[in-house]
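One structure is given here, and the rest of the page talks about it.
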Amino acid sequence: MSEEFDYVIVGAGSAGCVLANRLSSDPAVRVALVEAGPRDRKLEIKLPAAFPKLFHTKYDWDLFTTSQPELKARELYWPRGKTLGGSSSLNAQMWVRGARADYDGWGAAAPGWSFDEVMPYFRRSENRVGSNTDDVYGTSGPLYIEELRDPNPLRAAFFEACAEAGFVRLAELNDPGIDGYAPTPVTQHRGRRWSAADGYLRPALKRPNLQLFVETLTRRITVVDGRATGVEIRSAKGGNQTLSARREVLLSAGAVHSPHLLQISGIGDPDGLSAAGIPTVVPIPGVGKGLQDHLSVPVIMFTRDAATLVDAEKPVNLLKFLTQRRGMLTSNVGEGVAFGRSEPGLEHPDLEYVFAPVPFIDHGQADPPGHGITIGVVLLQPESVGTVTARSADPAVAPVIDAGYLTAPNDLKRLVAGVEQSQRLFGTNALRGLVTDKMLPNPDQTNLAEYVRATAETLYHPTGTCRMGSDDAAVVDANLAVHGVAALRVVDASVMPQIIRGHTHAPTVMIAERAADLIRQAN
């Protein structure tokens with residue numbers, strides 16, 4: 001059975017929702033959007049603080065890395081969104097673009113992607129409610145970018161500690177210099193999560209020329225005479241179908257599943273494909289290479305009082321959210337951010353300190369032993385790289401994810417410096433009287449390297465596995481077109497030439513906004 005469209009989009013996440021909206025705005029074209037997961041109807045998706053409740057459920061791909069030798073041989077859990085909105089439906093809603101220097105670096109690798117060139121696409125997506133000093137944000141886009149309605153009172157103490165430690169208060173966290181601290185702008189509207197599905201997809205689904213396929217697994221991309229002609233899909237009921245693309249196939253499945261789909265379709269490194277029993281259709285050695293992710297090391301302290309999110313699940317707080325859209329459950333958990341340096345003299349910040357008014361242990365899955373607060377130390381520009389590699393031609397078999405964490409010699413040293421800085425923050429006058437003892441075991445000055453190895457976890461920001469550029473290792477060009485395959489583009493975080501000094505939802509939306517223009521111009 002076959003059905004024909006102008007565009008077939010794979011993945012209804014942060015990028016796919018944008019593409020579906022922008023491309024279907026032309027009534028003359030027919031668009032298909034394929035999503036492996038279910039619809040986003042779960043209450044926990046709407047509750048900002050409840051995102052850890054979605055981990056290890058049907059809304060999550062529930063991925064794991066291989067054993068990471070530099071992290072005490074741990075296999076790290078990677079939650080990835082498997083529902084409408086993708087990871088924007090189960091993330092911490094932090095709208096953090098990154099630095100001017102990040103995008104200027106992209107522009108050097110791929111013309112058209114410098115800071116000044118991409119900024120209009122950020123602004124096109126944004127509907128800023130609240131402070132907008134120096135008009136940093138757009139104010140009429142589909143995505144609400146708001147301030148927390150009920151920030152935790154302990155956040156103010158964290159900010160006082162930052163000032164005491166010499167950090168500068170930013171008027172807006174998304175100042176392109178990112179050198180300082182500020183409240184986290186969040187993708188929320190009146191206290192509830194506002195995902196890419198809320199902002200982009202739901203309005204577009206009213207159009208007759210957009211067809212949505214949910215709970216539908218993409219089996220492979222079909223390539224005929226060097227041209228992508230469509231995708232083969234399998235519905236939840238087991239039926240197989242081909243969706244033909246008259247114009248283009250657009251992969252927006254994310255930094256794990258976009259390279260995986262290319263590989264199981266025979267597009268990738270011939271040696272790796274052969275090892276997985278997949279015939280090579282188009283040799284592109286860089287597919288699945290260049291994986292980068294942000295590691296986060298939690299530094300957690302017990303607090304003297306109960307002004308934390310530990311009690312957020314009490315019925316009174318759920319009632320407050322349901323009736324007023326206020327209270328603890330409106331927290332995004334990562335309520336404040338400071339950017340700093342691992343050593344003096346660095347031109348740009350290379351560390352991020354994320355403040356959470358709760359002990360965030362094991363991705364929020366573990367019950368904390370008491371009230372506490374967390375400073376998550378994040379390495380913004382890791383030198384370590386990893387790979388995503390297909391195990392077999394079966395699309396239902398998860399790929400091998402080797403994140404390569406801490407395999408570059410400088411990464412561990414910089415994270416240790418960040419943990420030391422976080423300890424100094426806890427030792428300031430602003431915080432010292434509010435905390436008592438360390439909650440996680442033994443982060444003392446004698447074994448901080450081992451502490452990092454034992455506790456570091458992903459910050460959920462995989463990138464770079466279908467990197468854009470013109471060199472031999474690049475997978476897509478500056479227009480996001482796959483090298484050597486006509487009518488096929490990758491549009492998601494996998495195309496980033498270098499991971500940013502920020503979070504990945506905002507730049508992924510921006511990439512898709514710009515891609516929509518590139519696609520329309522080409523067709």
Side-chain angles (χ1 to χ4, degrees), residues 13-14 40 42 44-57 59-60 77-81 83 85-98 143-152 154-155 158 173-174 181-189 191-199 254 293-298 300 308-310 312-313 321 328-339 352-366 368 373-378 380 457-463 493 500-509:
S14 297
D40 55 337
K42 186 82 168 171
E44 284 83 354
I45 293 176
K46 313 307 176 187
L47 291 167
F51 65 88
K53 300 294 184 184
L54 299 163
F55 296 166
H56 303 298
T57 71
Y59 302 96
D60 173 20
Y77 165 53
W78 274 23
R80 307 305 303 155
T83 184
S87 292
S88 77
S89 288
L90 59 136
N91 66 2
Q93 305 122 69
M94 300 173 73
W95 189 260
V96 189
R97 294 174 182 161
L143 290 183
Y144 285 100
I145 313 297
E146 301 192 356
E147 297 165 5
L148 287 170
R149 299 191 92 183
D150 284 321
N152 189 279
L154 290 169
R155 185 178 73 173
F158 170 71
L173 185 63
N174 283 299
Y181 66 92
T184 307
V186 291
T187 48
Q188 294 183 12
H189 182 45
R192 59 152 277 189
R193 176 192 297 275
W194 192 257
S195 70
D198 293 316
D293 184 33
H294 287 143
L295 268 182
S296 177
V297 180
I300 307 177
T308 75
L309 300 181
V310 167
E313 293 184 37
F321 177 86
M328 289 186 181
L329 289 172
T330 64
S331 174
N332 73 311
V333 180
E335 294 193 5
V337 170
F339 292 107
E352 178 183 14
Y353 304 93
V354 179
F355 172 78
V358 69
F360 195 74
I361 305 171
D362 189 23
H363 304 274
Q365 305 289 288
I373 56 178
T374 303
I375 296 176
V377 181
V378 183
L380 292 174
E457 296 283 356
T458 178
L459 198 66
Y460 322 116
H461 296 161
T463 65
I500 61 159
R501 297 173 181 87
H503 295 210
T504 47
H505 176 41
T508 299
V509 169

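Excluded from the calculations below are hydrogen atoms, water molecules and symmetry mates; all remaining heavy atoms, backbone and side chain alike, are included.
Phe321 is listed as a side-chain neighbour of Pro48, based on a closest heavy-atom distance under 4.5 Å. Side-chain atoms of Val354 and Ser296, non-hydrogen and from C-beta on, never get closer than 4.5 Å to each other. Glu44 has its side chain out of reach of Thr57: every pair of non-hydrogen atoms, C-beta onward, lies at least 4.5 Å apart.
Here the closest non-hydrogen pair linking Gly81 and Leu90 is CA-CD2, 3.1 Å. When all heavy atoms of Thr308 and Met328 are compared, the closest pair comes out as O-CE, 3.3 Å. Minimum interatomic distance between Asp40 and Ser195 (heavy atoms only, all atoms of both residues): OD2-OG, 4.4 Å. Nearest heavy atom pair, residue Ala197 against residue Gly85, reads CB-N, 3.6 Å. When every heavy atom of Pro368 is checked against every heavy atom of Val310, the shortest pair comes out as CG-CG2, 4.0 Å. In this structure, Phe360 and Pro298 approach most closely via the heavy-atom pair O-CB, 4.4 Å.
Applying side chain to side chain contact (heavy atoms under 4.5 Å, CB included) to Ile45 and the options Arg193, Arg192, Lys53 leaves one that passes, Arg193. Screening Tyr460, Trp194, Trp95 against His505 for a ring pair (Phe, Tyr, Trp, His ring centres under 6.0 Å) leaves a single residue, Trp95. Exactly one residue among Leu173, Thr187, Leu459, Asn332 makes a side chain to side chain contact (heavy atoms under 4.5 Å, CB included) with Met94. That residue is Asn332.
Residue-environment remark: CD (Glu147) exceeds the threshold of 12 foreign heavy atoms within 6.0 Å.
Ring planes of Tyr77 and Phe55: perpendicular class, angle over 60° (limits at 30 and 60°).
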### Task
Determine, step by step, whether Val378 and His461 satisfy the side chain to side chain contact (heavy atoms under 4.5 Å, CB included) criterion, reporting the C-alpha distance in whole Å, the side-chain angles of both residues, the deciding distance to 0.1 Å, and the verdict.
CA-CA 11 Å; Val378 183; His461 296 161; 5.9 Å; no
### Task
Applying side chain to side chain contact (heavy atoms under 4.5 Å, CB included), run through Asp60 and Leu54 and close with a yes or a no.
CA-CA 7 Å; Asp60 173 20; Leu54 299 163; over 6 Å; no
### Message
Before you tell me yes or no, could you show the steps for Ser87 and Arg80 under side chain to side chain contact (heavy atoms under 4.5 Å, CB included), namely the whole-Å CA-CA distance, both residues' side-chain angles and the distance that decides it to 0.1 Å?
### Response
CA-CA 6 Å; Ser87 292; Arg80 307 305 303 155; 3.5 Å; yes
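Interatomic distance, CG of Asp198 versus CD of Gln188, reported as 11.5 Å (0.5 Å rounding). Expressed to the nearest 0.5 Å, how far NE2 of His294 lies from NE2 of His503 amounts to 7.5 Å. Ile373 CD1 to Ile300 CD1: the interatomic distance, rounded to the nearest 0.5 Å, is 10.5 Å. Once rounded to the nearest 0.5 Å, the distance linking CG of Asp150 with CD of Glu335 reads 9.5 Å. Put simply, NZ on Lys46 and CG on Leu329 are 15.5 Å apart, with the number rounded to the nearest 0.5 Å. The structure places OG1 of Thr458 at 6.0 Å from CH2 of Trp78, a figure rounded to the nearest 0.5 Å.
The backbone N or O of Ala196 lies less than 3.5 Å from a partner atom in the side chain of Ser88, making a donor-acceptor pair. Remark: side-chain polar atoms of Thr184 are paired, donor with acceptor, to backbone N or O of Gly334 under 3.5 angstrom. The backbone N or O of Gln93 sits less than 3.5 Å from a side-chain atom of Asn91, completing a donor-acceptor pair.
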